[in-house]
Amino acid sequence: MTGLHQLAPEFSRSGARYRAYTSKHLDELTARAGLDASERLAVKAVATVLPFRTNEYVVERLIDWNAAPDDPIYRLIFPQADMLPGRDVGHIAGLLARDAPAAEVRQAAHVVRTRLNPHPAGQLAFNIPDLADEPLPGVQHKYPETVLVFPRQGQTCHAYCTYCFRWAQFVDEPDLKMATSDMARITAYLRQHPEVTSVLITGGDPMIMSTPVLRRYVEPLLDPQLGNIESIRIGTKSLGYWPQRFVTDHDADDALRLFGEVVAADKCLALMAHFSHPRELEPALVAQAVRRIRSTGAVIRTQAPLIRSINDDSAIWAGMWRTQMRMGMVPYYMFVERDTGPQGYFAVPLARGYQIFRDAYASVSGLCRTVRGPSMSATPGKVCVDGVVEVAGEKVFALHMIQARNPDLVGKPFFARFDPTAIWLSDLEPAFAPRFPFDSVPDQLPGLWGPEVLASLT
Ligand code: SF4
């Protein structure tokens, strides 16, 4: 194992303690952004439907309050009054203004949430596997080689992104949550599925868990009987929202030791780090955290969705990729904002998203061109927009599947009619074919789901 004694002694042990701000603090914080009373009430109404949480580091170090409420980091964190339909916001704001009973406000928020497609891409319908004919909740098995685990204690984050596609994990709706703590059943499942080579521990943010709790989920995967598991991935935004987790938190060293144990067990430990904007990379603490993580032998791959008014600019992406590469991270994905929550508010049309990706990609060196995108994580798989081209006199999108429920489709190009307003796969029509490739082959799926689910995919 790469020992902690090899880490540069550049950090101070007197790091800040994590302090969360929740909706209780929303009024005070939005007043700081210059919002008047009615604007603040509308923001509070949105925050009854969608989650809000931030912390002192984000508020004091990342947000430019002189530019708020237009500042991109402010917009990344704080609900916006127009993120939801005006009628819904007005109705809930009215309830709050007259101090309506909490149950009435909760019910109104619930009604709005049900219209927001809380679990996109068939996550609950198609992805939950069975073990001994019983479902394995808190686990998703969408692609043959990858299993996602949602640790029960990891279903929150150091701060919440306004555009989060996992928002349903954080609201007061127990029926919408995915979570597990049953690693015995998960490892039994993995033993029965030798095709699984990678486990993604995700959330929320698994790095919100203390190291002993995180260890409960990671250590069982190091069992020699699970030789099929080649990589353990941890999806996290903690490098952006709380880099102290790897530097000054009381169990930072223990977390790094755990990463080293994974590497020593001959598995790849990959942090899938979510950065939305270059400003998140600026604090020196982030560079320290990255150096410490890398010194364990872990790798860091970076990803984020393309979001209107936060990072919809090719210079922002090119700058992020260059800085990440210089710091030793590997640019990995530009995602398309998913079809859930306030998608309509944050979405960038696919045609423009492709142009932003291409312009950024064209301006960086080959070391940054590890990045893929713009990619839609949709029901059939990850669909990448490769370009807008003219074929046989017709303007079309060229697409391919980076990942697919049906592995036969991975990497094969296909086309969709050009539509400058399309924001998601469901907006597209096939070109030069009666249907998309993934529409025609559900019966070839690799046995992860029952026949009734396969039938429903046709
Ligand atoms: S860090 Fe990830 S899971 Fe957490 S709020 Fe942001 S997008 Fe959602």
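No hydrogens, no waters, no symmetry mates; every other heavy atom, side chains included, goes into these values. In this text, all values refer to a predicted model and were calculated from it rather than measured experimentally. Just follow the structure's listing: the first ligand is 1, and inside any ligand the first atom is 1.
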Query raised in the report: Considering residues, nucleotides and ligands other than Arg61, do more than 12 of their heavy atoms fall under 6.0 Å from its CZ?
Result: no
Report task. Scan residues 22-53 for pairs that pass ring pair (Phe, Tyr, Trp, His ring centres under 6.0 Å), counting only residues two or more places apart or in two chains. Result -> Tyr21-His25, Phe52-Phe78
Report summary line: Residues pairing under salt bridge (charged side-chain N to carboxylate O under 4.0 Å, His left out) where one sits in residues 297-316, two or more places apart or in two chains, turn out to be Asp312-Arg352
Requested in this report: Quick one: give me the number of protein N/O/S atoms under 2.8 Å from atom 4 (Fe) of ligand 1.
Outcome: 1
Report summary line: Across all chains, not counting sequence neighbours, the ring pair (Phe, Tyr, Trp, His ring centres under 6.0 Å) partners of His110 are none
Requested in this report: Salt-bridge test for Arg245 and Asp251: reply yes if a basic N is under 4.0 Å from a carboxylate O, no otherwise.
Outcome: yes
Report task. Could you tell me which non-hydrogen atom of Ala252 sits nearest to which non-hydrogen atom of Val247, and how far apart they are? Result -> CB-N, 3.6 Å
